[in-house]
Q: 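My structure is below; once you've seen it, I'll send some questions.
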Amino acid sequence: MQKEYVMPCVEVWHDIVFVKGKGAVLEDTDGKKYLDCFGGVAVVNAGHCHPKIVSAMKEQLEKLTHLSTLYYTEPMPKLAKKLSEIAPMDRGKVKKTFFCNSGTEANEHAVTLAKKFTKKNEFIGLQCGFYGRGGMTMSLSGLGAWRGGLGPFMPGVLHAPAYYCYRCPMSYDEGPPECDYACVRYIEYMLKTETSQRVAAFVAEPIIGIGGCVPAPTDYFRLVKEILDKNEILLIVDEVQTGFGRSGKLFAIEHYDVEPDIISMAKGLGSGIPIGAITAKAQIADSYLGPHFSTFGGNPLSCAAALANIEVLLEEKLTENAERVGTHVLNRLKELQSRSPILDDAQGKGLMIGIEVISDKTRKTPAKDDILTTIMNESAKKGVLIGRGGLFYNRIRFQPPLTITQEQTDKALDVFEEAVKIAEKKL
Ligand SMILES: Cc1ncc(COP(=O)(O)O)c(C=O)c1O
């Protein structure tokens, strides 16, 4: 039915219809069970259908489901207060939030707010970064496959080199310290040659998500922030994919000891319930007095779900679980990479891990599509769902619910290893 009635631009990875989910396990129409190692694109951090989130929603569903941002409701300011408490900047001070419905919208709003505060109107995005499918977000995105044929893009957008050390855009064979952060020095150079006075903000994911789960090197954000501060440019971190425990910290920017000015969020904020948000330092938020509005932004149901979700993440120590189980997964993938001719560059933080699939290790040649689809399909046949992404769409991504246990990941990795062996024979 989907093929007949849904637009063909919607990419579908498997011919399976899913009907149920609990924790990290999904079930299809035949009752077959799957270990979900992609979490609906890194969304269901608290696991599928967590009972506390379900009951918070049921309770809210009986009371009030919609009014828009034009009216006060109970859950929205409660959630804004909670985000103020956990946002990793201006600790101890109030931060303010605007709610919307998705990651795309969150980034569009973040850019709008930065324009209002700085009174400047140009932006720097990251090559290999992905920010969404709106006018500005698509322009900021630096993944060619998503932009193909869709231009012209918004003027006033610059792209900084990706911190993708395995395929360094600055042509270094090794990442830092060998390269001395050439990609950061390029930003400084770019600002001098392009004019820094017009740039309002640098918008970056702390770990490139759709670009293949590639974390920024250790000192990247500290060095970038020094340049931004010198030029009075804001730092907007896109935590749409990395936020809410995914990386082994509540927000991935906390790995880098740097404070952002604005954070955009979605995905893991609702653990499966659509919601987007930006949280900003109060002085930045207060510079924008509107008019601003969102029909579904701050929806009572979504906010009730997000509040319950944050409670679950904290109570069940899911961030810590992501760190512990993620380290185990990364170690196993690194070991597997050392034995397989088609795997390389396993990297990640917490449960946000990517590994390169290549056809030639010396040349780092990206593997062809059929190798990747073989790995994904063979894994799915044996009940394991994994993701993919990357500049060449050749990185396998492990981003399961943060409730996943080490035993479950071991089962999933055994299946992945078998699938890789089948794919190796196709080389
Ligand atoms: C880092 C990042 N930002 C923004 C988006 C866009 O979010 P949405 O699909 O909710 O619009 C995505 C989507 O995958 C993302 O990974």
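Remember, it's 1-based here, ligands and their atoms both numbered in the order they're listed. These values consider heavy atoms only, across backbone and side chains, with no hydrogens, waters or symmetry-generated copies. Just so you know, these numbers come straight off a predicted model, no measurement behind them.
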Q: Write out the residue and atom name of the closest protein heavy atom to atom 6 (C) of ligand 1, then the distance separating them to 0.1 Å.
A: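 Answer for atom 6 (C) of ligand 1: Thr104 N, 3.5 Å.
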
Q: Looking at Glu205, which atoms of ligand 1 are within less than 4.0 Å of one of its heavy atoms?
A: 1 (C)

Q: Can you list the steps and then say if Ser264 with Asn107 is a side-chain hydrogen bond (donor to acceptor under 3.5 Å, both in side chains)?
A: CA-CA 6 Å; Ser264 54; Asn107 282 322; 2.7 Å; yes

Q: Return the residue, atom name and 0.1 Å-rounded distance of the protein heavy atom closest to atom 2 (C) of ligand 1.
A: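 I find the closest protein heavy atom is Phe130 O, 3.3 Å.
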
Q: If the cut-off is 4.0 Å to any non-hydrogen atom of Asn107, which atoms of ligand 1 fall inside it?
A: 3 (N), 4 (C)

Q: Looking at atom 14 (O) of ligand 1, what's its closest protein heavy atom, distance included?
A: Lys267 NZ, 3.0 Å

Q: Is ligand 1 less than 4.0 angstrom away from at least one heavy atom of Glu239?
A: no

Q: Hey, looking at atom 8 (P) of ligand 1, which of Cys100, Ser264, Gly103 has the closest heavy atom?
A: Gly103

Q: Any Lys/Arg nitrogen of Asp286 or Lys96 sitting under 4.0 Å from an Asp/Glu carboxylate oxygen of the other?
A: yes

Q: Return the closest protein heavy atom for atom 5 (C) of ligand 1 as residue, atom name and distance.
A: Val240 CG1, 3.8 Å

Q: Can you tell me how far NZ of Lys32 sits from CZ of Phe18, rounded to the nearest 0.5 angstrom?
A: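 The distance works out to 9.0 Å.
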
Q: Arg133 near ligand 1, heavy-atom distance under 4.0 Å?
A: yes

Q: Pick out which of Glu259, Glu239, Glu254 makes a side-chain contact (heavy atoms from CB on, under 4.5 Å) with Pro88.
A: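 Among Glu259, Glu239, Glu254, the one that satisfies the side-chain contact (heavy atoms from CB on, under 4.5 Å) with Pro88 is Glu254.
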
Q: Counting N and O atoms only, with roles assigned by atom type, does the side chain of Gln127 sit under 3.5 Å from a partner on the main chain of Ala162, one being a donor and the other an acceptor?
A: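 Looks like yes, one N/O pair under 3.5 Å.
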
Q: Is it true that Arg332 and Asp410 make a salt bridge, defined as a side-chain N closer than 4.0 Å to a carboxylate O?
A: yes

Q: Looking only at atom types and distance, does a side-chain atom of Thr104 sit under 3.5 Å from a main-chain N or O of Gly132, one as donor and one as acceptor?
A: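 Not at all, since once roles are kept as given, no pair shorter than 3.5 Å links the two residues.
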
Q: Regarding His255 and Ser247, is there a side-chain donor-to-acceptor distance under 3.5 Å anywhere?
A: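 Side chains of His255 and Ser247: pair found under 3.5 Å.
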
Q: Between Ile210 and ligand 1, does any nitrogen or oxygen pair lie at a separation below 3.5 Å?
A: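 Between Ile210 and ligand 1, no N or O pair is found under 3.5 Å apart.
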
Q: Check whether any side-chain heavy atom of Leu35 lies under 4.5 Å from a side-chain heavy atom of Leu385, and answer yes or no.
A: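 Contact flag for Leu35/Leu385 side chains = no.
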
Q: Output the list of atoms in ligand 1 that are nearer than 4.0 Å to some heavy atom of Ser102, sorted by atom number.
A: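 This gives 10 (O), 11 (O) as the contact atoms.
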
Q: Is there any N or O on Gln241 that sits under 3.5 Å from an N or O of ligand 1?
A: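 Indeed, backbone or side chain, Gln241 has an N or O that close.
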
Q: Can you report which non-hydrogen protein atom sits closest to atom 3 (N) of ligand 1, along with the distance?
A: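 Protein heavy atom at minimum distance: Asp238 OD2, 2.8 Å.
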
